[in-house]
Amino acid sequence: PLRSVKKSSGDSSSSSSSSPNSHSPEPSEESVSPAASTSSSSPASSEPAKSYKGEAKLEKYETSAGTYEPGTSEHPPRNVPKPIKPANMNENSVAGLYSTIAFYAASFQYFVTTGDRQYLDQVKTDEEEDLSDYDEMAQYIAGGVAWFENPKIVITLTTDQPTKSGSSYTWPSTVVFDYGKNVHNAQGQTVPVPSTGAEKPQKGYMKGKYTGGVWEVTIMIYDLSDNS
């Protein structure tokens, strides 16, 4: 879901190029070598200013399955908490956008941990954002063929509020896609996850657009040459 943009002074909405695989090590069967409720008509700009700066955290998860256990060489992650969609996620407000971003991060983490994208599919993303390259990986993970130990997807907002540009909102942020140290498979193989750079905070911004009663979000990152 990461899309790369060239950073230009004072402009966080410059042209983009899709790069969906830049951060996705993929477990394989032969070798484990990794290769949005009701809308409101209130515009976001009419809200009193509130600081949302920091990690976009989802408040509620379904944890009835039991205590979460990270994956090991012997088993995949167990009892993975299930994201619960925030009640205000589809409000046309900064709070709604924040909740969408938080739910998106939690849902993507659940997806790469379990191979189940049912929660990720509840978030509207840019039509150019193609997750089909994750399909094979998801099948291996969901089938218990291969798995990551303890994936972490973290979106950290670096300003108090987003800014509006045309019909879209941009929110400066950093993004981490950390798949953990190792990937394992059911044949007992363990291979270190290679570094893609995405396991460290990548500077960019979240792009949000309120359309059809929901927030459409896209993760944008600056070119690595600008990511210092």
Side-chain angles (χ1 to χ4, degrees), residues 1-4 18-35 55-58 61 63 65 67-83 101-121 123 125 129-157 173-204 206 217-224 227:
L2 299 185
R3 296 179 56 197
S4 176
S18 180
S19 57
N21 291 319
S22 60
H23 63 287
S24 173
E26 180 174 321
S28 66
E29 183 170 7
E30 294 80 12
S31 167
V32 291
S33 178
E55 181 182 344
K57 292 183 177 181
L58 188 67
Y61 290 83
T63 59
T67 302
Y68 170 67
E69 299 178 35
T72 69
S73 60
E74 298 180 350
H75 64 79
R78 294 172 172 167
N79 307 323
V80 181
K82 299 177 180 179
I101 294 170
F103 185 76
Y104 180 60
S107 298
F108 209 100
Q109 180 170 304
Y110 185 84
F111 171 56
V112 298
T113 304
T114 67
D116 183 353
R117 59 180 295 162
Q118 63 171 306
Y119 303 106
L120 189 60
D121 286 342
V123 181
T125 56
E129 188 167 293
D130 184 9
L131 297 179
S132 62
D133 292 305
Y134 287 87
D135 288 347
E136 186 176 11
M137 178 186 79
Q139 290 174 7
Y140 291 143
I141 295 173
V145 176
W147 57 88
F148 300 110
E149 292 177 342
N150 191 33
K152 297 289 184 184
I153 312 299
V154 180
I155 299 174
T156 300
L157 306 171
S173 59
T174 62
V175 183
V176 171
F177 278 77
D178 185 357
Y179 291 87
K181 294 182 178 180
N182 298 301
V183 59
H184 308 281
N185 73 11
Q187 287 72 45
Q189 294 175 296
T190 296
V191 173
V193 175
S195 172
T196 64
E199 68 276 6
K200 298 178 181 179
Q202 299 183 86
K203 295 179 182 179
M206 294 299 300
V217 294
T218 310
I219 300 176
M220 312 294 288
I221 60 164
Y222 296 127
D223 289 344
L224 291 177
N227 229 353

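Bear in mind the structure is a predicted one, so any value in this text is a computation, not a measurement.
- Without hydrogens or angle criteria, Glu199 side chain to Gly197 main chain gives a donor-acceptor distance under 3.5 Å.
- The OH atom of Tyr140 sits 10.5 Å away from the CG atom of Asn185 when rounded to the nearest 0.5 Å.
- Across all their heavy atoms, His75 and Pro70 have their closest contact at CE1-O, 3.5 Å.
- Contact record, Val217 with Val123: CG2-CG1, 3.7 Å, taken as the closest heavy-atom pair.
- Counting all heavy atoms, side chain and backbone alike, Gly144 lies closest to Ala186 at O-CB, 3.7 Å.
- Summarising the geometry, atom CG belonging to Asp178 is positioned 9.5 Å from atom CD belonging to Gln109; distances are rounded to the nearest 0.5 Å.
- Residue Phe108 forms a ring-ring contact (aromatic ring centres under 6.0 Å, His included) with just one option from Tyr119, Phe103, Tyr134, and that option is Tyr134.
- Annotation for Gly115 and Ile141: closest pair N-CG2, 3.5 Å, computed over non-hydrogen atoms.
- Residues His184 and Thr190 come closest through the heavy atom pair ND1-OG1, 2.7 Å.
- Checked against side chain to side chain contact (heavy atoms under 4.5 Å, CB included), Pro77 has the following partners two or more places apart in sequence or in another chain: Tyr68, Val80, Thr113, Trp147.
- When the side chain to side chain contact (heavy atoms under 4.5 Å, CB included) test is applied to Asp121, the partners found at least two apart in sequence or on another chain are Arg117.
- Residues Met137 and Val112 have side chains in contact (heavy-atom distance under 4.5 Å, counting atoms from C-beta outward).
- Every residue two or more places apart in sequence or in another chain that forms a side chain to side chain contact (heavy atoms under 4.5 Å, CB included) with Thr174 is listed here: Thr156, Thr158, Pro201, Lys203.
- In this structure, CG on Asp116 lies 5.0 Å from OH on Tyr110, to the nearest 0.5 angstrom.
- Contact record, Leu157 with Met206: CD2-CG, 4.4 Å, taken as the closest heavy-atom pair.
- The line from CD1 of Ile219 to OG of Ser173 is 7.5 Å long, rounded to the nearest 0.5 Å.
- In this structure a side-chain-to-backbone donor-acceptor pair under 3.5 Å is present from Asn79 to Thr67.
- In this structure, Phe148 and Tyr179 have tilted ring planes: the angle between them lies in the 30° to 60° band.
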